[in-house]
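Working notes, beginning with the structure itself.
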Amino acid sequence: MTNEAARFEGDWLALREPADHAARSAPLADRLSEWLKSADRLRIIDLGAGTGSNLRWLAPRLDAQQDWLLIDHDAALLARAREGFAAGSSGKPAIRAQTRCLDLAGLPREVFDDADLVTAAALFDLVSANWIDSLVEWIAHSGAAALFALTVDGRRHFVDEDGRWIDDERDRRMETLFNRHQQRGKGLGEALGPKAASVLPAALEKAGLAVRIDESDWRLGAADGRTLALGSALLDDWMRAVVAQSPEDAACVESWYRTRRNELENGRIGLVVGHVDVLALP
Ligand SMILES: C[S@@+](CC[C@H](N)C(=O)[O-])C[C@H]1O[C@@H](n2cnc3c(N)ncnc32)[C@H](O)[C@@H]1O
């Protein structure tokens with residue numbers, strides 16, 4: 001089993017950002033905002049922050065002034081995040097943001113000192129159950145709230161032009177192989193892949209936090225302007241992962257890929273990718 005550190009291209013994060021923002025749970029953010037409303041100034045830790053997409057979505061939804069610490073092991077992504085702060089720092093509420101280039105595998109516990117909120121987006125499929133247990137212990141100990149968005153839950157299916165699920169045996173096999181591939185180690189122990197969507201809330205509940213879950217699926221409709229670029233990139237990545245997982249199926253995968261790619265390009269199918277958002281309050 002490989003255990004390579006997970007690296008993401010800034011352009012890929014930019015491509016997915018509109019779908020991420022459209023998918024996120026507003027009710028959970030509202031509940032969080034309500035919970036935090038008495039604070040004058042919030043200290044917020046964003047784990048695996050990339051170029052700062054989570055901040056861009058969440059910060060305007062919280063009323064208080066905010067100090068964000070964006071943590072990632074990729075210095076180039078954090079540099080892009082800082083460019084974004086410099087370009088758009090005049091908003092209300094007042095937001096200060098810093099970045100720290102750190103590997104989440106060796107996160108010092110002090111990072112969580114005085115945190116009001118620990119957050120992350122699109123991170124938990126990369127981590128192990130042990131890593132989640134340590135994180136949850138720190139959060140429970142610190143008394144911070146937690147909002148973890150966009151954890152993939154393993155559902156991915158095509159839809160027709162009317163948004164109806166296309167129930168197809170070959171797609172289901174590709175979904176299964178892809179999900180197995182997602183469990184290869186990514187530098188933080190044996191990656192949970194889509195199991196994270198259930199392991200994470202269970203661990204938070206076990207630690208005594210009040211947990212709420214909401215679906216935050218990507219819904220890339222057939223012939224929607226945004227579907228082609230993101231859907232094609234997803235499909236390419238899906239195909240590569242399945243071939244790596246099951247090289248003996250390469251010919252079958254190739255034929256499946258060509259059919260679906262063609263339908264996607266011609267606006268005949270769209271794609272749904274299942275995610276969950278999880279809010280945990282002390
Ligand atoms: C799917 S991206 C999500 C980025 C961002 N949260 C967003 O929503 O656009 C996962 C992020 O986790 C970071 N990451 C993965 N493994 C990490 C590790 N071991 N230490 C620190 N960051 C890590 C990656 O560099 C990447 O920025």
Side-chain angles (χ1 to χ4, degrees), residues 2-25 28-29 44-61 68-85 97-109 111-112 117-132 134-135 138 146-154 156 178 181-194 196-197 200 216-218 226 230 233-234 237-238 241 273-278:
T2 59
N3 197 28
E4 291 163 11
R7 297 279 163 190
F8 293 82
E9 297 292 332
D11 290 347
W12 160 245
L13 298 183
L15 183 62
R16 60 174 288 167
E17 184 162 329
D20 281 344
H21 287 191
R24 288 190 61 164
S25 168
L28 292 192
I44 301 174
I45 316 291
D46 187 7
L47 303 170
T51 64
S53 171
N54 191 14
L55 180 155
R56 283 187 284 280
W57 188 85
L58 184 58
R61 290 172 168 78
W68 283 70
L69 177 61
L70 274 61
I71 298 177
D72 205 286
H73 63 172
D74 190 323
L77 295 180
L78 292 176
R80 272 173 87 149
R82 287 193 300 275
E83 285 164 22
F85 311 152
Q98 291 185 322
T99 60
R100 227 168 127 181
C101 193
L102 269 181
D103 189 338
L104 295 176
L107 213 51
R109 210 181 168 116
V111 161
F112 298 97
L117 172 64
V118 181
T119 184
L123 177 71
F124 282 88
D125 59 306
L126 307 175
V127 312
S128 66
N130 285 342
W131 191 84
I132 287 183
S134 305
L135 175 70
W138 292 341
L147 180 64
F148 298 132
L150 297 161
T151 301
V152 284
D153 64 6
R156 39 171 66 202
F178 180 79
H181 183 269
Q182 294 312 94
Q183 290 173 351
R184 295 179 175 205
K186 309 250 176 12
L188 293 164
E190 193 171 327
L192 283 164
L200 173 66
S216 51
D217 297 351
W218 283 356
R226 285 179 320 184
L230 182 56
L234 271 176
D237 178 58
W238 190 350
V273 180
H275 297 94
V276 294
D277 285 8
V278 178

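Counting starts at 1 for both ligands and their atoms, following the listed order.
Heavy atoms of Leu102 come nearer than 4.0 angstrom to ligand 1 in at least one pair. At least one heavy atom of Asp72 sits less than 4.0 Å from an atom of ligand 1.
In terms of N/O distances under 3.5 Å, ligand 1 is not approached by Asn54. Where the criterion is an N or O separation shorter than 3.5 Å, residue side chain and backbone included, Gly48 meets it with respect to ligand 1. The shortest N/O to N/O separation between Arg16 and ligand 1 does not fall below 3.5 Å. Between Phe8 and ligand 1, no pair of N/O atoms sits closer than 3.5 Å.
Only side-chain heavy atoms of Ser53 come within less than 4.0 Å of ligand 1; its backbone N, CA, C and O stay farther off. The proximity of Ala49 to ligand 1, defined as any non-hydrogen pair under 4.0 Å, is limited to the backbone. The part of Leu13 lying near ligand 1 is the side chain, judged by heavy-atom distances below 4.0 Å.
Close approach to Gly50 involves these atoms of ligand 1, each under 4.0 Å from a residue heavy atom: 27 (O). Residue Leu123 has at least one heavy-atom neighbour below 4.0 Å for each of these atoms of ligand 1: 12 (O). Residue Leu77 has at least one heavy-atom neighbour below 4.0 Å for each of these atoms of ligand 1: 25 (O), 27 (O). Interface of Asp103 with ligand 1, defined as ligand atoms under 4.0 Å from a residue heavy atom, comprises 18 (C), 19 (N), 20 (N).
Atom CD1 of Ile44 and atom CG of Leu70 lie 10.0 Å apart (nearest 0.5 Å).
Within the 4.5 Å cutoff, the side chain of Leu15 has no heavy atoms near those of the Glu9 side chain. Looking at heavy atoms from C-beta onward, Trp12 lies out of side-chain contact with Asp237 at the 4.5 angstrom threshold. Taking 4.5 Å as the limit, some side-chain heavy atom of Val118 sits within range of a side-chain heavy atom of Phe148. The closest side-chain heavy-atom distance from Asn54 to Arg24 is below 4.5 Å. With contacts defined as side-chain heavy-atom distances shorter than 4.5 Å, the pair Phe8/Thr51 does not qualify. Contact of the Trp238 side chain with the Val273 side chain is not registered, since no non-hydrogen atoms from C-beta on lie closer than 4.5 Å. By the 4.5 Å heavy-atom criterion applied to side chains, Asp11 and Arg80 are counted as neighbours.
Among all heavy-atom pairs drawn from Leu104 and Trp131, the shortest one is O-NE1, 2.9 Å.
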